[in-house]
Amino acid sequence: MDYSEFVDVYESLASTTKKLEKATILALFLKKLEKKGKAEWVYLLKGKVVPDYDAREIGISRQLAIKAISKGFGVSENEIVTRLRKIGDLGEIAEEFADKRKQGVLFSGKLKTDKVFDNLRKIMEIEGKGAVDRKLGLVSELLGQATGKEAKYIVRTLLSDLRVGIADGIIRDGIAEAFFEFGEESEKKKEIIFKVEEAYDLTGDFAEVVEAAAEGKSALGKLKVHPGRPINVLLPVKVTEIEEAFRIVGKPAAIEHKYDGFRMIISKESNGEVKLFTRRLEEVTKQFPDVVSVVSKYVKGDSFLLDSEAVGFDSETKKYMPFQAISQRIKRKYDIEELAKKLPIELNIFDVLYLDGKNLMPLEFEKRRKIVEKIVSNRKLKIRVAMQIVTDSEKKAREFYEEALKMGEEGVMFKNLKASYRQGRRVGYIVKMKPEVKDLDLVIIGAEYGTGKRGGWLTSYYVACLNDGKYLGVGKVSSGLKEIESEEGTTYAEMTKILKPLIEETKGQYVKVKPSIVVSVTYQDVQKSPSYESGFALRFPRITAYRPEKPVKEITTLAEIKKES
DNA sequence: AATGACTGCCC
DNA sequence: ATTCTGC
DNA sequence: GCAGAATGGGCAGTCATT
């Protein structure tokens, strides 16, 4: 198949914002892929070449893509960076340069999807000395044979950023529409979409789902969890009020502490092998030998899948440590045992999805919880069933919340007692609630140009506090302003207009600006920072207001920030 | 051998 | 992680 | 209410450069 066929699909997906239209476009194309025996190419529709659970990576992102474009089209990196400031899309830049190329240079013969897919897969295998050059070689080979539009999507695929407005949900709908008939019947449609979703949840692999769906309903229904392969996890929605939390999950609800650790999916196969995965399905078994042995010892069951939060603590003081500390262990390949001793893990198990050959996900949460309590033996600072209350009282909920905060937890999670486990979806079965923090007033000292739909605007702002008449950086903030003009709030376009006359220096995507624009910034925590002059940075910063009336000399001081850390 | 640029992935 | 936006 | 896109700090690993 010509790669241009993929490009046509990408372009038509991008040309509409309507989800139903996108699903129909996908449906037609998926049928074609399946007929050709190329179900695997469904990954390309997500801007990838392997399924999510596959740990291999391409290892090319913005900087190396700039080099690849430069090499592929013989233009200077500087020229590319300049264009990037204006249009914010390396894919489109590659397209421009490909189109400008003299006609005779174009490879005679069409670029095949096989070639694109294979080269990208090959890139994932390259490592060692000279790896970067060899990777770039494979990319520029592709770009050399590509038309403008093809180059655009090759580059976007490299960046895993297709930006055509599809992700798992719409691919799921596309598969349903491609291989099943449901006409105008919305109930039937819902049922089939649910079946496809279930199949994807269990396998984590759209190629497998496409093949099964093509065979029919019964093949789809036969797909199962692959032992030792992780599955997508249920995600929470966010609220700020207890009343709202209850409204979403119903009464009574289960309420649990929200720990400042990281999500860990635990799998045990019937051969006794324990494997650990993160929320994004990366395997971390090697990184946490301590967890493997705790799970083997203190969880009953021949085979299972558990959902948990791993929290780090200091082995000497026994005090819980913030996420920043535990994150040292997640990607570690060396000195694993030392770190395991210094920064051990306490596992908080809060759900079970699979046990001894049985899929428990359709079961009600309160029943799954009972099973967790049955199979997990609590061991102090090693493993425990997540602390929980069940209540319909707002007063009790508030007390539990306050208590969690007092203990240094991030907040609480509200859970619908009757809900099944819907993987990978942010549906209203789980709600998280965290406290709001007082805003800081900070001055903008620099900015960066945005990409994609924010292309051409200055959309990230370096902000600083005041110390002895000097401005010290405390981080970068981007969320919070509006993309579209409306009654309320400042837009990125307006902020860009305000900042442009203040630019003192431009370097790549970065501009230095005269410190005079003040914004209010909220955040979750102040943390120690190795990368900002103030020595501190904000965790989860976002802008709450542009403060034109605020004098620069009255912004938040370093001393005030220190107090919050 | 040390440092820095870059990437990917936790939150 | 948070936020904004379109369906 | 949900999904998709664009963005934050900071960590370890890899590779290139000094």
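Proteins come first, then strands; the chains are lettered A, B, ... in the order of their sequence lines, and each starts at number 1.
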Item to check | Phosphate OP1/OP2 of B:dG8 contacted by A:Arg280 side-chain N/O (<4.0 Å) | outcome: no
Item to check | Under-4.0 Å salt bridge between A:Arg422 and A:Glu197 | outcome: yes
Checklist entry - Hey, does A:Phe262 reach any base, or is it just sugar-phosphate, or nothing, if we go heavy atoms under 4.0 Å? => result sugar-phosphate
Next on the checklist: Within the 4.0 Å heavy-atom criterion, would you say A:Val164 contacts the bases, only the backbone, or no part of the nucleic acid?
Outcome noted: sugar-phosphate
Checklist entry - When you measure from the side chain of A:Val237, which nucleotide among D:dC2, D:dT7, D:dG9 comes out closest? => result D:dC2
Checklist entry - A:Tyr510 and A:Tyr449: ring pair (Phe, Tyr, Trp, His ring centres under 6.0 Å), yes or no, with the steps? => result CA-CA 7 Å; A:Tyr510 170 80; A:Tyr449 285 92; over 10 Å; no
Item to check | Given DNA chain D, 5'-ward residue of the pair A:Ile171 and A:Gln324, judged by closest heavy atom | outcome: A:Ile171
Checklist entry - CE of A:Met124 versus P of B:dT7: gap in Å, rounded? => result 17 Å
Item to check | Rounded distance in Å - CE (A:Met495) to C1' (D:dT7) | outcome: 15 Å
Checklist entry - When we call it a touch if two heavy atoms are under 4.0 Å apart, what does A:Leu64 touch: a base, just sugar-phosphate, or nothing? => result sugar-phosphate
Checklist outcome for this item: Considering only heavy side-chain atoms of A:Lys476, the closest of D:dG9, D:dG4, D:dA6 is D:dG9
Checklist entry - So, is A:Arg425 close to the D:dA3 phosphate, meaning a side-chain N or O under 4.0 Å from OP1 or OP2? => result yes
Next on the checklist: Test side-chain hydrogen bond (donor to acceptor under 3.5 Å, both in side chains) on A:Gln524 and A:Lys434; report intermediate values, then the result.
Outcome noted: CA-CA 9 Å; A:Gln524 185 181 315; A:Lys434 296 201 251 186; 2.6 Å; yes
Checklist entry - For residues 153-167 of chain A, which residue pairs qualify under side-chain hydrogen bond (donor to acceptor under 3.5 Å, both in side chains), counting only residues two or more places apart or in two chains? => result A:Glu11-A:Tyr153, A:Asp89-A:Arg156, A:Asp89-A:Arg163
Checklist entry - Tell me: CD of A:Glu410 to C1' of C:dA1, nearest whole Å? => result 9 Å
Item to check | Touch class at under 4.0 angstrom, heavy-atom based, for A:Lys22 against every strand present | outcome: nothing
Checklist entry - At under 4.0 Å, does any side-chain N or O of A:Arg329 touch on OP1 or OP2 of B:dC9? => result no
Item to check | OP1 or OP2 of D:dC11 under 4.0 Å from side-chain N/O of A:Gln328 | outcome: no
Next on the checklist: Within a 6.0 Å radius of atom CG on A:Asn78, are there more than 12 heavy atoms belonging to other residues, nucleotides or ligands?
Outcome noted: no
Checklist entry - A:Tyr43 ring centre to A:Lys48 NZ or CZ under 6.0 Å, with the angle to the axis within 45°? => result no
Item to check | Exercise: do A:Asn416 and A:Tyr429 side chains pair donor with acceptor under 3.5 Å | outcome: no
Next on the checklist: Applying a 4.0 Å non-hydrogen cut-off, can you work out what A:Ile248 is touching in the nucleic acid: base, sugar-phosphate, or nothing?
Outcome noted: nothing
Item to check | Axial cation check for A:Tyr523 ring with A:Arg539, 6.0 Å and 45° limits | outcome: no
Checklist outcome for this item: With sugar-phosphate taken as primed atoms, P, OP1 and OP2 and all else as base, the protein-contact string of nucleotides 13-18 of chain D at under 4.0 Å (heavy atoms; B, S, -) is SSSS--
Checklist entry - In whole Å, what is the span from the CD atom of A:Gln63 to the C1' atom of B:dG8? => result 14 Å
Item to check | B:dG8 and C:dA1, which share atom name C1', separated by this distance in whole Å | outcome: 16 Å
Checklist entry - Tell me: CD of A:Glu57 to C1' of B:dC6, nearest whole Å? => result 12 Å
Checklist entry - Atom CG of A:Leu281 to atom C1' of B:dG8: distance rounded to whole Å? => result 15 Å
Next on the checklist: Taking any heavy-atom pair under 4.0 Å as a contact, classify A:Arg156: base, sugar-phosphate, or nothing.
Outcome noted: nothing
Next on the checklist: Base, sugar-phosphate or nothing for A:Lys135? Non-hydrogen atoms, less than 4.0 Å.
Outcome noted: nothing
Checklist entry - When all nucleic acid strands are considered with a 4.0 Å heavy-atom cut-off, which category describes A:Asp161: base, sugar-phosphate, or nothing? => result sugar-phosphate
Next on the checklist: Does B:dG8 have its OP1 or OP2 closer than 4.0 Å to a side-chain nitrogen or oxygen of A:Ser160?
Outcome noted: no
Checklist outcome for this item: In whole angstroms, the gap separating C1' of D:dC2 from CD1 of A:Ile430 amounts to 16 Å
Checklist entry - So, is A:Arg163 near the phosphate of D:dA6, with a side-chain N or O under 4.0 Å from OP1 or OP2? => result yes
Checklist entry - Can A:Glu346 and A:Tyr320 be counted as having a side-chain donor-acceptor contact under 3.5 angstrom? => result yes
Checklist entry - Between A:Thr491 and A:Glu485, does any side-chain donor sit less than 3.5 Å from a side-chain acceptor? => result no
Checklist entry - Can you tell which of D:dG8, D:dG10, B:dC6 lies closest to the side chain of A:Gln527? => result D:dG10
Next on the checklist: Students often get this wrong, so: under 4.0 angstrom with heavy atoms, is A:Tyr532 touching a base, only sugar-phosphate, or nothing?
Outcome noted: sugar-phosphate
Checklist outcome for this item: Separation between CG (A:Leu538) and CG (A:Asp525), nearest 0.5 Å, reads 9.5 Å
Item to check | Spacing of A:Asp260 atom CG relative to B:dC10 atom P, expressed in whole Å | outcome: 16 Å
Checklist entry - Given that A:Gly450 and A:Ser529 both sit by DNA chain D, which one's nearest nucleotide is further toward the 5' end? => result A:Gly450
Item to check | Donor-acceptor side-chain pairing of A:Tyr53 and A:Asp205 below 3.5 angstrom | outcome: yes
Checklist entry - Does B:dC9 have OP1 or OP2 sitting under 4.0 Å from an N or O in the side chain of A:Ser327? => result no
Checklist outcome for this item: For nucleotides 2-7 of chain C, 5' to 3', base contacts (B), sugar-phosphate-only contacts (S) and non-contacts (-) with protein non-hydrogen atoms under 4.0 Å give BSSSBS
Checklist entry - Does A:Thr459 make a side-chain N or O approach to OP1 or OP2 of D:dA6 shorter than 4.0 Å? => result no
